[in-house]
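Heads up: the structure comes next, in C-alpha cells.
No experiment lies behind these values; they were computed from the predicted model shown.
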Amino acid sequence: MQQINSHQWRVPLAEVEFGPEEPAAVLSVLESRWLSMGAVTQAFEAEFAAFCDAKHAFAVTNATAGLHLACLAAGLGPGDEVILPSLTFVATANAIRYTGATPVFADISSLNDWTLSPHEVKARITPNTRAIMLMHYGGYASNMPAFQTLAERYNLLIIEDAAHAVGSELEGKQLGTWGHTGCFSFFPNKNMTTAEGGMVVTNDDAAAEKIRVLRSHGMTTLTWDRHRGHAFSYDVVELGYNYRMDELRSALGRVQLTRIPAGNLRRHQLTEQYRQAAAKRLPGIQFPFADHPGTSACHLMPALLPEGTNRAKFMGMMKQYGIQTSIHYPPIHTFSGYREQAHELRLPVTEVVGQREVTLPLYPGLTEEQLNWVIDAAAQALDACSSEG
Ligand SMILES: *Cc1c(COP(=O)(O)O)cnc(C)c1O
C-alpha cells in the first residue's frame with residue numbers, strides 16, 4: 001500500500017493510506033464530468049448510513065459545517081445554552097456559537113476517562129440549557145446511558161461530535177447514532193479521509209429534512225433532481241448554506257470507508273502494543289481509557305506525562321529523533337477568543353490533561369519497528385525532561 005505524507009519524519013503522527021483504488025475512483029468521476037451532487041454522493045451517503053446503521057446520512061463539506069447543521073437542526077439560537085467539553089477541537093464550540101447559542105464548558109470524568117463527566121454536566125444545567133454536545137475523545141465512547149438519562153429528565157437534545165469515532169461502538173450501537181444527530185470528520189488526519197469532508201447522521205426524520213434543506217441554500221429541490229427530470233423549479237424556504245460535498249471527494253470516501261474495519265482493527269492492536277511496551281519501559285507515563293467500555297476506533301494514542309515533566313522539551317527531543325507528536329488539546333476555555341464564554345472558569349481535570357498530554361504516532365501503516373523507535377525515543381526524552389517544571 002502506497003503511503004504519502006511522511007517525508008520529513010521517521011515516524012509521522014498520522015498517515016494517509018491510499019491504494020490504487022482511490023486515484024482510480026477520483027479519475028472516473030473526472031471522466032464522467034458530473035462533479036457535484038450526483039449518484040456518487042448518494043451512494044456514499046447510503047453506504048455510510050448502512051455502515052453505522054443510521055436512517056439518514058448527509059455528506060458535507062467538512063465536519064465543522066456538519067456540526068453547524070446539527071446545531072441548526074436542534075433549533076439552537078440566541079439565549080440557548082449547550083453544555084460541552086473544553087478538551088476538544090475548537091470547532092466543537094465554534095459550531096454552537098455560529099447559531100448565537102452559548103457554549104457552557106464542563107469538566108471531563110477523570111485522568112483515565114477523558115470524556116465529558118455526566119455529574120459535571122448535571123451541575124451546569126439551567127432553564128436555558130437546550131442540548132449536550134458530546135465528543136468521543138480518540139474514538140472512546142462518552143457515557144451514553146448516563147447522558148440519555150439526563151437528556152430525558154431535563155428534555156435536552158444530544159449532539160455527538162464523532163469526528164474521531166468512525167466505526168466506534170458502545171453496547172453494539174455505533175457512536176454518532178445515539179444522539180439527535182452525529183457528525184463525522186474526513187479531514188486527512190482522521191481514520192478515513194476525503195481531503196476536506198464530513199458526514200452528519202440522524203435517525204430523526206424532521207432533523208434530516210432540516211439538514212437536507214439547509215445544506216443546499218434552503219432550496220426545496222436539488223440540481224440532481226432537476227437533471228433527472230424530477231422537477232423544473234424550486235422554492236427557497238429559509239436561509240440556507242452551501243455545505244455540500246462534491247463527487248470527487250465522495251468517490252474517495254466510498255473507497256476509504258471500505259478500509260475502516262481493517263484499519264481500526266490494526267489501530268486497536270497497535271494501541272495494545274503501546275500499552276504493553278510502555279508498562280515495561282515508560283514507567284510514569286499514563287495511558288488513559290484503560291478498560292474503557294465499548295469498541296474504540298482508536299483514532300489517537302494520547303499519553304499523560306509524569307507531573308513536572310517539561311513537555312515542550314520532551315516534544316522537542318522527540319522531534320530530534322524524527323518522531324512527530326502533538327497535543328490534544330489545548331482546552332478551549334483557555335483561548336483568548338473564548339474569554340467571554342469562559343470567564344474565570346476552572347476545569348481542574350481538563351487543565352491537568354491540557355498541560356501534560358502528548359499524542360504519540362498511531363495509524364494502520366505504523367510498523368512494530370517504528371513503534372519501538374517511538375518507545376525508545378520517549379524513554380530517553382523522559383529521562384532528560386523529568387522534574388524540570
Ligand atoms: C477534526 C475535528 C473537527 C473538525 O473537523 P473538520 O472536518 O476539519 O471540520 C471537529 N471536532 C473534532 C473533535 C475534530 O477532531
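Using modelled atom types and a 3.5 Å distance limit, the side chains of Y329 and E357 yield no donor-acceptor pair. The closest side-chain donor-acceptor pair between S36 and R244, if any, does not fall under 3.5 angstrom. Under 3.5 Å, the side chains of H333 and Q341 contain no donor-acceptor pair of N or O atoms.
Q324 places no side-chain N or O within donor-acceptor distance of the main-chain N or O of Q8, the cut-off being under 3.5 Å. Q370 contributes no side-chain N or O that, together with a main-chain N or O of V11, makes up a donor-acceptor pair within less than 3.5 Å. A donor-acceptor contact shorter than 3.5 Å is absent between the side chain of T92 and the backbone of T88. Panel note: side chain R249, backbone T61; a donor-acceptor pair is recorded below 3.5 Å. K313 places a side-chain N or O within 3.5 Å of a backbone atom of A384 that can act as its donor or acceptor partner.
Rounded to the nearest 0.5 Å, atoms OG1 (T99) and CG (D80) are 7.0 Å apart. The OG1 atom of T334 sits 8.0 Å away from the CD atom of E351 when rounded to the nearest 0.5 Å.
Cation-pi geometry between R97 and Y338 is satisfied (NZ or CZ under 6.0 Å from the ring centre, within 45° of the ring normal).
Residue I211 is found in a hydrophobic cluster whose other members, listed by chain and number, are F58, V60, L69, L72, V200, L214, Y241, Y243; membership requires side-chain heavy atoms under 4.5 Å apart, directly or through intermediates.
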